[in-house]
Asker: 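Sharing a structure below in structure tokens format, with a few things to ask.
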Amino acid sequence: MNTATIWRTTLERLEHASLDATSKVWLQEAHLTNISDGESPGNSLYLELQVPHEIAKDVINTRWRPTIEEALQEVTGLPVTLTVRLPADERTADTRTRGSTASFEQPPADEPAKKNGYSFYTMRKPAQQAEPRYETPPLEEWDNEQRANILMHNRLNPRYTFETFIVGNSNRLAHAASLAVAEAPGESYNPLFLYGGVGLGKTHLLHAIGHQGVRTGLAVLYVSSEQFTNEIINAIRYRTTEEFRAKYRSVDILLVDDIQFIAGKESTEEEFFHTFNSLHEMSKQIVICSDRPPKAIVSLEERLRSRFEWGLIADIQPPDLETRMAILRAKAEMLRYRVPDEVIAYIASRVQTNIRELEGCLNRLIAYQQLHRTELTLDIARAAMSSLDSDQREMQLSGQQIAQAVAHFYHVSFEAMCSKQRDKFIVKPRQVAMYLVRHETQTSLLEIGQLFGGRDHSTVLYACEKIEKALKNNSTLRQEIEAIREQLLRD
Ligand SMILES: Nc1ncnc2c1ncn2[C@@H]1O[C@H](COP(=O)(O)OP(=O)(O)OP(=O)(O)O)[C@@H](O)[C@H]1O
């Protein structure tokens with residue numbers, strides 16, 4: 001089987017895969033052009049797919065490569081490693097990997113290069129100068145809006161816009177700052193760093209900025225730090241770091257969610273640092289979200305932390321009752337569901353810290369009411385919520401679990417927290433853990449003291465009071481405790 005046949009058969013298979021129509025068209029125009037012997041271990045095949053232009057490369061590389069590799073594997077019966085390339089990439093890629101230029105040529109019909117029974121186009125030294133076979137327009141020449149749409153590739157949730165975001169005291173600053181950067185990206189606050197507890201609207205605001213950017217024809221890229229990390233790993237693995245960099249450095253607005261997860265991942269931090277610098281130098285907008293302020297992201301490199309603090313840091317606090325009610329009303333309206341005011345007030349008074357949970361309660365209530373085919377009254381709401389409460393009671397946390405979570409958060413051991421050590425970096429986690437156990441469980445002061453290495457109940461009381469007092473004016477501590485709580489709920 002030659003590469004043309006393999007590719008034709010693979011395309012037939014891909015017809016039934018969940019690829020979008022545009023990508024399928026690009027794949028029809030693509031060529032499977034090369035295998036380089038000895039580059040891949042064992043029996044695996046090392047193939048290159050030449051795609052028509054930069055955008056196709058970007059999308060196929062980031063979204064569809066594993067699917068295509070799988071299909072190729074089914075067709076060839078061998079594990080496949082695929083590199084997606086532009087025809088114009090040949091020279092740079094080859095220089096990078098082999099230190100010499102080469103072009104892809106079809107071998108004469110009588111001497112096909114063979115590997116495991118397959119014949120492929122082979123790598124040849126160029127006779128003279130290797131000219132790119134066909135020109136592709138540079139990224140900048142692409143129509144911006146088209147580029148933006150493709151780059152974000154359905155990653156923005158259409159529901160998360162400024163229009164659907166309810167503003168209250170708890171999120172006013174974050175909302176105003178987001179609006180300002182959406183209206184004048186790169187000009188007002190750069191970077192904008194949004195932080196707050198789980199389910200308080202950080203992602204919603206990021207997407208809202210993204211939508212506005214796309215509307216004004218800018219290239220917007222939204223990624224979670226997890227996706228960013230995965231892309232780096234893949235780029236290193238497939239030696240496509242230049243493409244990775246080109247992609248990230250060509251955007252007008254970069255939106256990064258949950259940045260706290262890059263802390264401690266050395267090469268991700270390194271790459272993000274350079275991405276940040278080049279975008280910032282070009283006055284491109286960067287917006288970052290986290291569950292805590294930069295200072296509280298333990299083990300984040302100092303140079304990154306200080307950059308995060310360059311622009312504006314805006315927090316989002318849990319919404320007050322009025323805002324919670326306004327959010328519920330808006331959600332009910334969106335679902336075209338009439339919910340009496342007293343029911344809205346009731347739900348809003350029950351769920352205080354997480355808007356996702358607030359929405360969940362409303363959905364649950366609607367489902368409960370439809371199931372029982374009754375009118376939505378306060379009594380029905382109470383009944384639905386009490387069944388929810390009993391679910392939650394079953395998930396009660398133990399003091400030990402809480403202490404472990406605190407130890408993990410502050411990077412100390414549980415044993416150290418139970419020891420006699422009085423160093424500051426142990427005392428704080430110990431006191432936070434005591435405070436949380438006291439507030440999240442029914443454990444008595446005496447029992448908490450025993451849990452932490454047989455301490456006196458007055459020590460526990462002192463720790464709880466100290467943390468309570470500190471929480472009044474120490475927003476970093478508030479965020480840390482909120483983050484630990486949320487982590488516990490997630491686990
Ligand atoms: N002010 C608001 N107005 C309307 N809806 C909101 C508001 N804040 C949050 N929401 C809704 O609450 C849900 C959770 O919000 P979002 O995902 O943005 O939270 P988050 O802070 O990013 O949480 P996480 O830390 O878990 O990622 C979403 O459905 C969002 O639309």
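Numbering of ligands and ligand atoms starts at 1, following listing order. Sequential numbering from 1 along the given sequence is applied to the chain's residues.
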Asker: Using 30° and 60° as the class boundaries, would you call the ring planes of Phe308 and Phe272 parallel, tilted or perpendicular?
Answerer: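 Ring orientation of Phe308 relative to Phe272: perpendicular.
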Asker: Cation-pi check, Arg307 to Phe273: give yes when NZ or CZ is under 6.0 Å from the six-membered ring centre and within 45° of the ring axis, no otherwise.
Answerer: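 That pair does not qualify as a cation-pi contact.
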Asker: Heavy atoms only: which of Arg356, Met334, Arg324, Lys331 lies closest to atom 5 (N) of ligand 1?
Answerer: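 Checking each option, the heavy atom nearest atom 5 (N) of ligand 1 is found in Lys331.
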Asker: In this structure, does ligand 1 have an atom that sits under 4.0 Å from one of the heavy atoms of Val198?
Answerer: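 Right, Val198 reaches ligand 1.
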Asker: Can you tell me if His408 and Gln404 form a side-chain donor-acceptor pair at under 3.5 Å?
Answerer: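 No, Gln404 and His408 have no side-chain donor paired with an acceptor closer than 3.5 Å.
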Asker: For ligand 1, which atoms, with element, lie under 4.0 Å from some heavy atom of Thr164?
Answerer: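 Counting atoms of ligand 1 from 1, those under 4.0 Å from Thr164 are 3 (N), 4 (C).
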Asker: Give a yes/no verdict on whether any heavy atom in Pro319 is under 4.0 Å from an atom of ligand 1.
Answerer: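 Checking ligand 1 against Pro319, which is what was asked, there is no heavy-atom contact under 4.0 Å.
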Asker: So if I count the atoms of ligand 1 from 1 in the order they appear, which ones are less than 4.0 Å from some heavy atom of Asn171?
Answerer: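 Those atoms are 1 (N).
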Asker: Angle between ring planes, Trp310 versus His280, binned at 30° and 60°: parallel, tilted or perpendicular?
Answerer: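 Rings of Trp310 and His280: tilted, as their planes differ by 30° to 60°.
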Asker: Regarding Ser224 and Asp258, is there a side-chain donor-to-acceptor distance under 3.5 Å anywhere?
Answerer: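 Absent: no donor and acceptor within the cut-off.
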Asker: State the CD1-CD distance between Ile209 and Glu183, to the nearest 0.5 angstrom.
Answerer: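 Ile209 atom CD1 to Glu183 atom CD measures 11.0 Å (nearest 0.5 Å).
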Asker: Is there a polar contact between ligand 1 and Asp257, counting only N or O atoms under 3.5 Å apart?
Answerer: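 No; the residue has no nitrogen or oxygen that sits under 3.5 Å from a nitrogen or oxygen of the ligand.
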Asker: Does the pair Lys428 and Glu480 meet the rule for a salt bridge (Lys or Arg N to Asp or Glu O under 4.0 Å), with working shown?
Answerer: CA-CA 12 Å; Lys428 180 181 167 188; Glu480 289 174 359; 3.0 Å; yes
Asker: Would you check whether Asp258 has a nitrogen or oxygen atom less than 3.5 angstrom from a nitrogen or oxygen atom of ligand 1?
Answerer: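 Not met; the criterion fails.
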Asker: Below the 3.5 angstrom mark, is there an N/O of Ile166, backbone or side chain, next to an N/O of ligand 1?
Answerer: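 Right, the criterion is met.
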Asker: Could you tell me whether a side-chain N or O of His211 sits under 3.5 Å from a main-chain N or O of Asn157, the two making a donor and an acceptor?
Answerer: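 Checked: pair present.
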Asker: Pairs of nitrogen or oxygen atoms closer than 3.5 Å, one from Gly201 and one from ligand 1: do any exist?
Answerer: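 In this structure, Gly201 places an N or O atom under 3.5 Å from an N or O of ligand 1.
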Asker: Is there at least one pair of N or O atoms, one from Phe165 and one from ligand 1, spaced under 3.5 Å apart?
Answerer: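 No: no nitrogen or oxygen of Phe165 is under 3.5 Å from one in ligand 1.
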Asker: So if I count the atoms of ligand 1 from 1 in the order they appear, which ones are less than 4.0 Å from some heavy atom of Gly197?
Answerer: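 Near Gly197, the atoms of ligand 1 are 21 (O).
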Asker: Does ligand 1 have any atom that is closer than 4.0 Å to a heavy atom of Gly196?
Answerer: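 Flag not set, Gly196 not near ligand 1.
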